[in-house]
Amino acid sequence: MNVAGKIALGLAGSVGALAAVAAIRTATYEAPGAGVGTGAEVHLAAAPPVDLQRAASHLAEAVSFRTISHQDASENDAAEWDRFHAWLTDTYPAAHAVMSREIVAGNTLVYTWPGNDPTRNPIVLLAHHDVVPVTPGTEPDWKHPPFAGVVADDAVWGRGTVDNKGSLIGLFEAIEALAASGFEPGRTVIIVSGHDEEAGGAGAAAAAQLLKSRNVQAEFVLDEGLLVVADFPLLGRPVALIGIAEKGYGTLRITAPAKGGHSSTPPPQTGVEVLAKALLAITSNPFPMRFEGPAADMVRTLAPDAAPAVRMAVANEWLFEPLLVRQIAATPAGAASLHTTIAPTMLRGSPKENVLPQDAAGWINYRIAPGHSAERVLQHATDATRGLGVDVEWVQPPYDPSPVSSITSDGYRVLAAAASNGGQLPVAPGLVNATTDSRYFATIADDVYRFQPLVLSLREIEMVHGTNEHLTLDNLRRMIEFYSQVIATAAR
Ligand SMILES: [Zn+2]
């Protein structure tokens, strides 16, 4: 046998051994904490009956209040918040009879439904009531005007139906029905409705601070974040994803100082060129993607239901990690879940084409993965641009990623049971790439979850902050029943 032959045989031998090990591990693979996190063992309390038409007209009315968080807060119409709050009080009398209301930071609502047993930790449920503006010029693209509050084609149409007035109305419909049915919570139930989630969430921050000052330690906190993805790529069928962490956030401004002057007599390189080099130096050195954290937990949890190849890869991460990373990174959302993302978004040069810039600046928006920190992001940018003479600084104080919440807690089990729709849907933990009001509540709870029981396809998710935002009546019913079951079960 020649040398090449020996090597080939040796390789075949090792591949054979690897395959045998991989096959055994695949056959014996169990999801982390298999049996836990499905909520199969949770006995859910029954939800009171839902009057869907009435709930739909309530949501339609809620949409008609223009509680719009503009980029420039001075454009906000404060009276709309007052009118909305008064409407909420009038519309849900039973809920307002059992809950006390406080207002913090101007317009954020904090409701308390006291439990019979003050020794048990409260549950805290969040749903903000501000909405993003409709992009000027896109109004004619809407099937129904975005603030008209139209119920048509088995859906409620308008800005905020999904993000996030739908959740708030779902919560109030649930509480109204529970209160009217005579339900009395054992645990205290706290509802926080932020007034400025789309503009930084100062209201939620103040609410969390208020609860902290009262030494509230919540059993769990629930906010928006993830949902039921109808066409989840890994399984090709609906999967309920419960967010157990969210990414951190920060924007760096990179400034290249320059002398300015007439562009007919430029220096060897203008500020714009220095800035371009600095931006490329940063973006060409991305943070490596890793199969770890909540995104990896998601795939591990779903692997037993996935195709044999996925199961095999997950059972043998030591061998297939690069393959798993490549698969998940095939979509931008998947890629984002595996590392800290770097997105240059804004640029500034000189004010005129024949004027040299006196300084040139670029803004880079970062979404920081769990396990990473803002400090490491700044270090990365500083190291990458060393020697270019640029300034690197945070535009506003950044914040680090949230802690990662438990997937075996009682709270997670109740949410998973209610989300699984009677065990019909696979449930998995996941990472929220965006930010929510819930990030402020890590100070009062170990377990902060982010989930709305809506079923949306990946395509439909684009309507959130986009055109033709609407909530189907099926989804509205799911939402009301989910919140009813969660409150009646977790706080019974
Ligand atoms: Zn939202």
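In each ligand, atom 1 is the first atom listed, and ligand 1 is the first ligand listed. Since this is a predicted model, take the numbers as computed values, not measurements.
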> Taking the six-membered ring for Trp, are the ring centroids of W87 and F84 within less than 6.0 Å of each other?
Replying inline: yes
>> Taking the six-membered ring for Trp, are F172 and Y111 closer than 6.0 Å centroid to centroid?
In response: yes
Please report, to 0.1 Å, the donor-acceptor pairs under 3.5 Å made by any side chain of residues 138-154, with sequence neighbours excluded.
unit_1, atom_1, unit_2, atom_2, d
T138, OG1, T135, O, 2.6
E139, OE1, G137, N, 3.0

> H85: what forms a ring-ring contact (aromatic ring centres under 6.0 Å, His included) with it, not counting sequence neighbours?
Replying inline: H129
>> Taking salt bridge (Lys or Arg N to Asp or Glu O under 4.0 Å) as the definition, give me every residue that meets it alongside E80, ordered by chain and number, with sequence neighbours left out.
In response: R83
> Under 30°, 30 to 60°, or over 60°: which ring-plane class applies to H58 and Y92, parallel, tilted or perpendicular?
Replying inline: perpendicular
> Leaving out waters, which are not shown anyway, how many protein N, O or S atoms lie closer than 2.8 Å to the Zn ion (ligand 1)?
Replying inline: 4
